[in-house]
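Below, read A as the first sequence line, B as the second, and so on, with proteins coming before strands; counting in each chain starts at 1. Heavy-atom basis, side chains included; hydrogens, waters and symmetry copies ignored.
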There are 2 protein chains.
Amino acid sequence: MAAPERFAELARQFSAFGAVRRDLSRALPYDCPPGSTAVLTLLGRDGEMRMSRLAELLAVDLSVTSRQVAHLAERGWIDRSPDPADKRSRILHLTPAGEAKLQEIFLNTTRLFSDRLGDWSEHDIDELIRLLTRLRAGFGDCRSPRPPYASDPIPVHPHK
Amino acid sequence: MAAPERFAELARQFSAFGAVRRDLSRALPYDCPPGSTAVLTLLGRDGEMRMSRLAELLAVDLSVTSRQVAHLAERGWIDRSPDPADKRSRILHLTPAGEAKLQEIFLNTTRLFSDRLGDWSEHDIDELIRLLTRLRAGFGDCRSPRPPYASDPIPVHPHK
DNA sequence: TATTGTTATACTCTATAACTATA
DNA sequence: TATAGTTATAGAGTATAACAATA
């Protein structure tokens with residue numbers, strides 16, 4: 001177990017990571033913000049799925065996913081077909097236009113990473129992927145609540 | 001130089017990191033959201049500084065810092081004293097109440113990290129700190145623009 | 001009754017633009 | 001003219017709550 005000072009340093013780096021996210025978001029097409037990009041990426045990687053599955057993979061509330069998916073459907077990048085097995089549900093999948101958009105995004109982000117990480121060794125990149133993957137597995141998910149850790153008796157951020 | 005597929009995987013992990021941020025933000029006191037916490041942390045670590053320096057360290061626009069600082073000043077956690085050497089400027093420093101708040105936050109986040117990362121080796125934690133630090137150094141800063149990497153001819157997110 | 005998804009509301013983060021005061 | 005900071009505005013992310021339709 002690491003010392004509290006290492007945890008504090010890690011927390012600072014997490015906070016500073018916002019600058020990386022913002023830099024990356026500037027490489028996205030103006031009509032596809034980061035949240036929409038995440039949806040397209042998951043549908044491109046894992047294939048068609050239901051809203052609830054998508055929200056689970058994104059670790060966000062279903063209401064968030066619902067809105068992002070509506071944004072993408074308006075632009076013709078994904079289809080929401082009814083699920084014959086459960087009429088409450090909808091099956092999401094990329095359209096050809098959505099796949100083209102995803103390809104465009106892939107090229108943009110690859111170009112950005114090549115510039116920003118051009119001098120990184122493959123080892124360090126793989127290490128970072130490994131550690132971030134493990135981090136994500138250990139940290140929380142708003143849809144499966146755990147006991148709160150704040151000193152406040154009751155939740156913490158009213159809207160979260 | 002790594003392959004585009006590694007970059008794509010890294011981009012997915014960056015996106016998934018949002019779940020970690022959200023989990024961490026739930027451990028904060030209800031009256032001190034993540035942005036305010038970042039300000040308190042920097043002032044606690046680096047001591048008093050000007051608004052512009054703070055915005056530089058946070059890699060956000062000065063207007064963002066101005067609002068966050070106002071929020072903290074309203075609650076009595078920081079002071080904004082005039083800079084005798086430049087009357088346009090203000091020097092920020094923590095008040096005793098601000099130091100107490102910071103200490104409370106430190107305890108909360110340490111408790112959360114102990115739970116979530118209790119089974120991590122010190123080596124992996126140090127590796128993650130090292131790689132995130134390097135990442136932050138290589139990635140961008142909204143206040144020193146670089147050539148855009150989107151395929152769009154002109155920047156990209158209207159509001160960014 | 002419980003679950004899937006949608007919509008309304010509210011709050012945070014963030015950038016751009018217009019403005020004031022000072023250099 | 002240029003810089004430090006404030007404020008107004010707007011868009012994106014996010015959660016909670018109320019709701020409709022279906023299981």
- Return the 5'-most residue of the pair A:Ala85, A:Arg67 with respect to DNA chain D, ranking by each residue's nearest nucleotide. A:Arg67
- Touch check for A:Asp86, heavy atoms < 4.0 angstrom, all strands: base, sugar-phosphate only, or nothing? sugar-phosphate
- Task: Could you tell me whether A:Phe14 and B:Phe113 have their ring centroids closer than 6.0 angstrom?
- Result: yes
- Would you mind telling me which residue lines up with the more 5' stretch of DNA chain D, A:Lys87 or A:Gly35, judged by nearest nucleotide? A:Gly35
- Query: Considering only side-chain heavy atoms of B:Ser89, which listed nucleotide, C:dA15, C:dT12, D:dG5, is closest?
  - Reply: D:dG5
- Message: Any base atoms under 4.0 Å from B:Ser63, or only sugar-phosphate, or nothing? Heavy atoms, all strands.
- Response: base
- Is there a donor-acceptor contact under 3.5 Å linking the side chains of B:Glu9 and B:Gln13? yes
- Query: Base, sugar-phosphate, or nothing: which does B:Arg53 touch, judged by heavy atoms less than 4.0 Å apart?
  - Reply: nothing
- Query: Which whole-number value in Å describes the distance from A:Arg88 CZ to C:dT1 P?
  - Reply: 17 Å
- Give A:Ser66 one of three labels, base, sugar-phosphate or nothing, depending on what nucleic acid heavy atoms sit under 4.0 Å from its own. base
- Message: From the set C:dT7, C:dC13, D:dT3, return the single nucleotide nearest to any side-chain atom of B:Gln68.
- Response: C:dC13
- Message: Heavy atoms from C-beta onward define the side chain here; which of C:dT16, C:dC13, D:dA4 lies closest to that of B:Pro33?
- Response: C:dC13
